[in-house]
Chemist: 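I have a structure I would like to understand better, so I am pasting it below and will then ask my questions one at a time.
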Amino acid sequence: MTNTITFIGLGKMGSAMAEMLLNSGHKLTVYNRTAAKAEPFAKLGATVANSLEEAVTDADIVFSSLIDDAALISVCDTMLQHMKPGAIHISTSTILPKTAEQLEQRHKELGFNYLATPVLGVPKALRSQTATAICAGEHTAFEKIAPLLDSYSEKTIYLGETANHANVFKICMNTTLLSALELISELYAFAEKSGLDPEIINGALKQIYAHPAVHLYIDKIHQRDFDDVNFDMKGGHKDVKLFQEAFNQVGVSPDIAKMLQTKFTQALDEGMHDKDWSAIGGIIRQQAGLD
Ligand SMILES: NC(=O)c1ccc[n+]([C@@H]2O[C@H](COP(=O)([O-])OP(=O)(O)OC[C@H]3O[C@@H](n4cnc5c(N)ncnc54)[C@H](OP(=O)(O)O)[C@@H]3O)[C@@H](O)[C@H]2O)c1
């Protein structure tokens with residue numbers, strides 16, 4: 001029997017995932033809080049729901065892609081009252097492990113399955129099926145939905161039955177990436193101010209950092225291409241606060257994230273909300289007197 005699939009949250013990531021699911025031949029119902037973002041999906045063959053309740057009532061599988069913990073909790077507050085018994089929720093947002101743990105428990109108590117399934121990769125990577133899906137939660141539910149993740153991912157890393165382990169892993173990877181963005185930006189500024197061609201640094205950095213996701217940002221910062229947005233500055237600011245809270249919750253001092261927060265706060269103070277998060281490179285240039 002074919003599963004009925006719903007997608008909630010059609011922002012930059014959600015719209016790319018939903019498009020890829022449709023391209024892979026899956027029938028989809030979609031819902032977004034701001035209705036205008038859902039409308040184009042009707043032309044792609046999706047059923048556009050008018051409410052969250054309508055979107056999830058008949059779904060066997062519900063994907064969600066929401067900005068943060070508060071948005072996901074508020075959507076779950078409504079959704080969990082209307083989901084079908086036994087339905088699986090594939091939760092792709094970057095959230096706190098603690099929130100994931102609480103949501104997993106709430107889903108279990110109500111007879112639903114919660115799979116924490118964050119993504120490593122930007123919207124373009126989803127559209128070229130080169131992203132990596134991280135998944136944790138009940139194994140039988142994971143086996144059932146794993147082929148769906150292949151619609152937008154090159155590979156899936158399954159981390160076992162404790163859902164929040166996927167969020168712990170995602171925070172580790174995002175902290176690594178964001179620290180690299182800071183370092184890369186500082187090195188370009190240092191080389192340029194010292195009279196060394198930043199192009200030389202560009203090549204060397206690509207050898208040091210092997211992953212294509214980092215290569216993307218090595219070039220983006222070099223070219224100061226901050227208007228083509230993968231993840232916006234507001235989202236980056238959300239993430240640095242999330243890293244600090246996640247580390248604090250387990251008693252690890254989030255020193256790097258604290259330092260990064262000053263850059264993000266400055267960027268927001270300067271009205272850079274809708275720039276790519278790598279525009280912290282622009283802040284570093286400004287501080288160095290380069291712009
Ligand atoms: N962009 C990236 O490169 C990237 C990469 C990996 C992971 N992520 C993670 O993926 C998630 C989505 O990021 P994004 O870049 O797609 O963000 P985005 O473009 O800002 O989209 C956010 C989505 O959340 C919805 N939303 C926000 N608050 C809501 C609320 N209170 N109730 C209901 N819906 C709400 C928005 O609906 P409206 O349209 O109504 O505002 C929109 O659909 C985040 O957790 C992010 O950390 C992003």
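Note: hydrogens, waters and symmetry copies are ignored here, and every other heavy atom, side chains too, is used. The shown structure was predicted, so the numbers you read here are calculated from the model rather than taken from an experiment. Both counts, for ligands and for their atoms, begin at 1 and track the order of listing.
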Chemist: Within ligand 1, which atoms have a heavy atom of Gly121 less than 4.0 Å away?
Modeler: 5 (C), 6 (C)
Chemist: Return the closest protein heavy atom for atom 15 (O) of ligand 1 as residue, atom name and distance.
Modeler: Phe231 CD1, 3.6 Å
Chemist: Could you identify the single nearest non-hydrogen protein atom to atom 38 (P) of ligand 1 and state the distance to 0.1 Å?
Modeler: Thr34 OG1, 3.4 Å
Chemist: Does Asp228 come within less than 4.0 Å of Lys124, counting only side-chain N to carboxylate O?
Modeler: yes
Chemist: For Leu10, counting its heavy atoms only, list the atoms of ligand 1 lying under 4.0 Å from any of them.
Modeler: 43 (O)
Chemist: Using a 4.0 Å cutoff against the non-hydrogen atoms of Ser93, which atoms of ligand 1 qualify?
Modeler: 45 (O)
Chemist: Measure Val75 to ligand 1 on non-hydrogen atoms and call it side chain, backbone, both or neither using the 4.0 Å cut-off.
Modeler: side chain
Chemist: Identify the closest protein heavy atom to atom 27 (C) of ligand 1: which residue and atom is it, and at what distance?
Modeler: Ile67 CG2, 3.4 Å
Chemist: Counting N and O atoms only, with roles assigned by atom type, does the side chain of Asp69 sit under 3.5 Å from a partner on the main chain of Leu96, one being a donor and the other an acceptor?
Modeler: yes
Chemist: Does ligand 1 have an atom under 4.0 Å from some heavy atom of Lys234?
Modeler: no
Chemist: How far is atom 23 (C) of ligand 1 from its nearest protein heavy atom, and which residue and atom is that?
Modeler: Ser65 O, 3.9 Å
Chemist: Students should be able to answer this: which protein heavy-atom is nearest to atom 37 (O) of ligand 1, and at what distance?
Modeler: Asn32 OD1, 3.6 Å
Chemist: Identify, with sequence neighbours excluded, every residue that meets salt bridge (charged side-chain N to carboxylate O under 4.0 Å, His left out) alongside Asp227.
Modeler: Lys275
Chemist: Measuring from the heavy atoms of Gly235, does anything fall under 4.0 Å of ligand 1?
Modeler: no
Chemist: Looking at Phe63 versus His89, is the centre-to-centre ring distance below 6.0 Å?
Modeler: no
Chemist: What atoms of ligand 1 come within less than 4.0 Å of a heavy atom belonging to Gly9?
Modeler: 43 (O)
